[in-house]
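Encoded as structure tokens, the structure appears first; notes follow it.
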Amino acid sequence: MSDDETIFEKIIAREIPARIVYETDAVLAFLDANPLAPGHTLVVPKEAYERVGEMPDDVASEVFAAVHELTPKVEDAANADAVTVGINDGEAAGQEVPHVHVHLVPRFEGDGGGPIHAVAGDRPDLSDEELDAIADEISDAEA
Ligand code: AMP
């Protein structure tokens, strides 16, 4: 778990205001304060974990259950055509608040945004051997 209290812990503790749209014992969801689109929602575990892989299985399951329930609701509420569901997992990926959060960003036909594929820089040109090696590394890793 993270050592320092983040802005999201203050929201969870009701120390600062937020537009809360969903709550269970383990999960809170609220509108992003600087939305990329109307209805941009953040889904967070109430316990403070910085990285996705640090969440225990049950917490991760609860977070995804909330994402599953909220994604169509957010899309409908925003009268959107789609939703981008994403996590900046780690500083190098753009994570600014070190408390796991799932972004639900309503998307609209012709909104000028891009797909998740737009987040990376230059694509690597990987050989079959390199692809095999990284696949083995992932599949053989300890849970
Ligand atoms: P990330 O870059 O993935 O860490 O995203 C952090 C998100 O938290 C940004 O989209 C911010 O707009 C959002 N955010 C920061 N402070 C607040 C706040 N007090 N209430 C709601 N959302 C916030």
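Every number for a ligand or one of its atoms is a count from 1 in the order of the listing. All values derive from a computational prediction rather than experimental measurement.
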Response to the item:
Rounded to the nearest 0.5 Å, the NZ atom of Lys10 sits from the CD atom of Glu5 at a distance of 5.0 Å
Worksheet item: For atom 7 (C) of ligand 1, what is the nearest protein heavy atom, given as residue, atom name and distance?
Response: Asp32 OD2, 3.6 Å
Practice prompt. Mind checking whether Asn88 contacts ligand 1 via backbone (N, CA, C, O), side chain (CB onward), both or neither, at a 4.0 Å heavy-atom cut-off?
Written response: side chain
Worksheet entry | Path from Phe8 to Ile87 over hydrophobic side-chain contacts below 4.5 Å | no
Practice prompt. Provide the number and element of each atom of ligand 1 under 4.0 Å from a heavy atom of Leu31.
Written response: 21 (C)
Worksheet item: Taking distance alone, with no angle check, do Gln95 and ligand 1 share an N/O pair under 3.5 Å?
Response: no
Worksheet entry | Non-hydrogen atom of His101 closer than 4.0 Å to ligand 1 | yes
Worksheet item: So is Ile87 in contact with ligand 1, going by heavy-atom distances below 4.0 Å?
Response: no
Discussion item. Quick check on Glu91: does its CD atom have over 12 non-hydrogen neighbours (other residues, nucleotides or ligands) under 6.0 Å away?
Written reply: no
Discussion item. Closer than 4.0 Å to some heavy atom of Ile11 - which atoms of ligand 1 meet that?
Written reply: 18 (C), 19 (N), 20 (N)
Worksheet item: How are the rings of His103 and His40 set relative to one another: parallel (under 30°), tilted (30 to 60°) or perpendicular (over 60°)?
Response: tilted
Worksheet item: Has Leu36 got any heavy atom lying under 4.0 angstrom from an atom of ligand 1?
Response: no
Worksheet item: Short N/O distance, under 3.5 Å, between Ala33 and ligand 1?
Response: yes
Worksheet entry | Ala18 near ligand 1 by a heavy-atom separation under 4.0 Å | no
Fill in: Tyr22 side chain reached by Leu28 side chain, heavy atoms, under 4.5 Å
no
Discussion item. Once rounded to the nearest 0.5 Å, what's the spacing between atom CD1 of Ile12 and atom CD1 of Ile7?
Written reply: 11.0 Å
Worksheet item: Do the non-hydrogen side-chain atoms of His101 and Val97 ever get within less than 4.5 Å of each other?
Response: yes
Worksheet item: Against heavy atoms of Glu96, which atoms of ligand 1 measure under 4.0 Å?
Response: 1 (P), 2 (O), 4 (O)
Worksheet item: Say you draw a straight line from CZ of Arg51 to CG of Asp89; how long is it, rounded to the nearest 0.5 Å?
Response: 4.0 Å
Discussion item. For a 4.5 angstrom cut-off between non-hydrogen side-chain atoms, does Val105 reach Val83?
Written reply: no
Worksheet item: Can you find an N or O of Gly94 that's nearer than 3.5 Å to an N or O of ligand 1?
Response: yes
Item to complete: Please could you name the atoms of ligand 1 that Leu42 approaches to less than 4.0 Å, counting only its heavy atoms?
Response: 8 (O), 13 (C), 22 (N)
Worksheet item: What is the nearest protein non-hydrogen atom to atom 8 (O) of ligand 1, stated with its residue, atom name and distance?
Response: Phe8 CZ, 3.5 Å
Practice prompt. Please confirm whether Ile7 comes within less than 3.5 Å of ligand 1 when only nitrogen or oxygen atoms on both sides are compared.
Written response: no
Worksheet entry | Ion pair check, Lys46 and Glu23, cut-off under 4.0 Å | yes
